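The structure under discussion appears below in the form of structure tokens.
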Amino acid sequence: QVQLVESGGGLVQAGGSLRLSCAASGRTFAGYAAGWFRQAPGKEREFVATIRGSGGGIYYDNSVKGRFTISRDNAKNTVYLEMNSLKAEDTAVYYCAATSRSGTYAYSRAYEYWGQGTQVTVSS
């Protein structure tokens, strides 16, 4: 079992930045690929970014490419999402997810473990 806890969300003005963190516990996190997803009110959960356990295999949704950066520090069992040039349409609850599967996955059903989510609100 892997437990995930997100932090770092909040209210920011358009054009601003936030860094989300996802702290993992329970297993050696380096063995798990991780992803960030988000869900806006009235919308389905959507993929944001993913990273393999080794730190490679990074992939972004086109809507955030060039603005968001996913990274991880396996020594700290933590995955990060650096978000820059934030837009009102980035407003959502952001979820961290992890999977023991090898590979790169941009769909939510590939991930076995989920955090509780952290709210990001971007004011225009």
Side-chain angles (χ1 to χ4, degrees):
Q1 290 285 340
V2 174
Q3 292 80 44
L4 304 172
V5 178
E6 302 96 335
S7 61
L11 174 64
V12 63
Q13 288 187 335
S17 300
L18 281 175
R19 187 174 83 155
L20 305 183
S21 299
C22 173
S25 61
R27 290 289 180 94
T28 302
F29 198 45
Y32 292 78
W36 286 96
F37 291 76
R38 65 187 181 185
Q39 188 167 18
K43 295 186 177 181
E44 294 187 352
R45 190 171 298 186
E46 63 178 17
F47 168 76
V48 175
T50 186
I51 186 170
R52 293 188 183 183
S54 62
I58 290 175
Y59 180 68
Y60 298 97
D61 184 75
N62 285 337
S63 65
V64 305
K65 197 175 296 182
R67 300 188 297 123
F68 290 12
T69 302
I70 189 171
S71 62
R72 65 190 299 158
D73 184 341
N74 287 333
K76 296 182 178 180
N77 280 1
T78 301
V79 174
Y80 303 98
L81 185 69
E82 184 76 34
M83 305 186 295
N84 298 313
S85 301
L86 282 161
K87 305 174 182 179
E89 51 264 42
D90 294 318
T91 294
V93 177
Y94 283 71
Y95 297 91
C96 175
T99 177
S100 57
R101 297 179 172 89
S102 60
T104 300
Y105 303 98
Y107 52 95
S108 59
R109 64 180 181 275
Y111 294 83
E112 303 104 287
Y113 307 103
W114 291 83
Q116 82 290 349
T118 185
Q119 176 71 46
V120 171
T121 302
V122 183
S123 62
S124 57

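Atoms considered below: every heavy atom in the structure, side chains included; atoms not considered: hydrogens, waters and symmetry mates. What you see is a predicted model, and the numbers here were worked out from it, not measured in a lab.
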query: For atom NZ of K43, is the number of surrounding heavy atoms from other residues, nucleotides or ligands below 6.0 Å larger than 12?
result: no
Work out which heavy atom in [X] is nearest to a heavy atom in [Y]; give both atom names and the distance.
{"X": "F29", "Y": "A24", "answer": "CD1-CB, 3.4 Å"}
{"X": "L4", "Y": "Q116", "answer": "O-OE1, 3.7 Å"}
{"X": "A49", "Y": "L81", "answer": "CB-CD1, 4.3 Å"}
{"X": "A34", "Y": "V79", "answer": "CB-CG2, 3.6 Å"}

Would you confirm whether [X], through its side chain, and [Y], through its main-chain N or O, come within 3.5 Å as a donor-acceptor pair?
{"X": "R72", "Y": "A33", "result": "no"}
{"X": "E6", "Y": "T118", "result": "no"}
{"X": "T91", "Y": "V122", "result": "yes"}
{"X": "R45", "Y": "S108", "result": "no"}

message: Going by ring pair (Phe, Tyr, Trp, His ring centres under 6.0 Å), F47 matches just one of Y60, Y95, F37. Which one?
response: F37
Measure the [atom1]-[atom2] distance between [X] and [Y] for me, rounded to the nearest 0.5 Å.
{"X": "L86", "Y": "S123", "atom1": "CG", "atom2": "OG", "value": "10.0 Å"}
{"X": "E44", "Y": "Q39", "atom1": "CD", "atom2": "CD", "value": "8.0 Å"}
{"X": "R67", "Y": "M83", "atom1": "CZ", "atom2": "CE", "value": "9.5 Å"}

message: By the definition side chain to side chain contact (heavy atoms under 4.5 Å, CB included), identify the one residue from T121, V12, D90 that meets it with L18.
response: V12
Side-chain contact, heavy-atom cut-off 4.5 Å: [X] with [Y]?
{"X": "V2", "Y": "E112", "result": "no"}
{"X": "Y113", "Y": "Y32", "result": "yes"}
{"X": "D61", "Y": "V48", "result": "no"}

- request: Following the transitive rule for hydrophobic clusters with a side-chain heavy-atom cut-off under 4.5 Å over Ile, Leu, Val, Met, Phe, Trp and Tyr, establish whether L20 and V93 coincide in one cluster.
  value: no
Which residues share a side-chain contact (heavy atoms from CB on, under 4.5 Å) with A30, sequence neighbours left out: T28, N74
task: From the options Y107, Y59, Y111, Y105, select the one residue that forms a side-chain hydrogen bond (donor to acceptor under 3.5 Å, both in side chains) with T50.
output: Y111
- request: Just grab all the side-chain hydrogen bond (donor to acceptor under 3.5 Å, both in side chains) pairs involving residues 76-87, residues at least two apart or on different chains.
  value: S17-N84
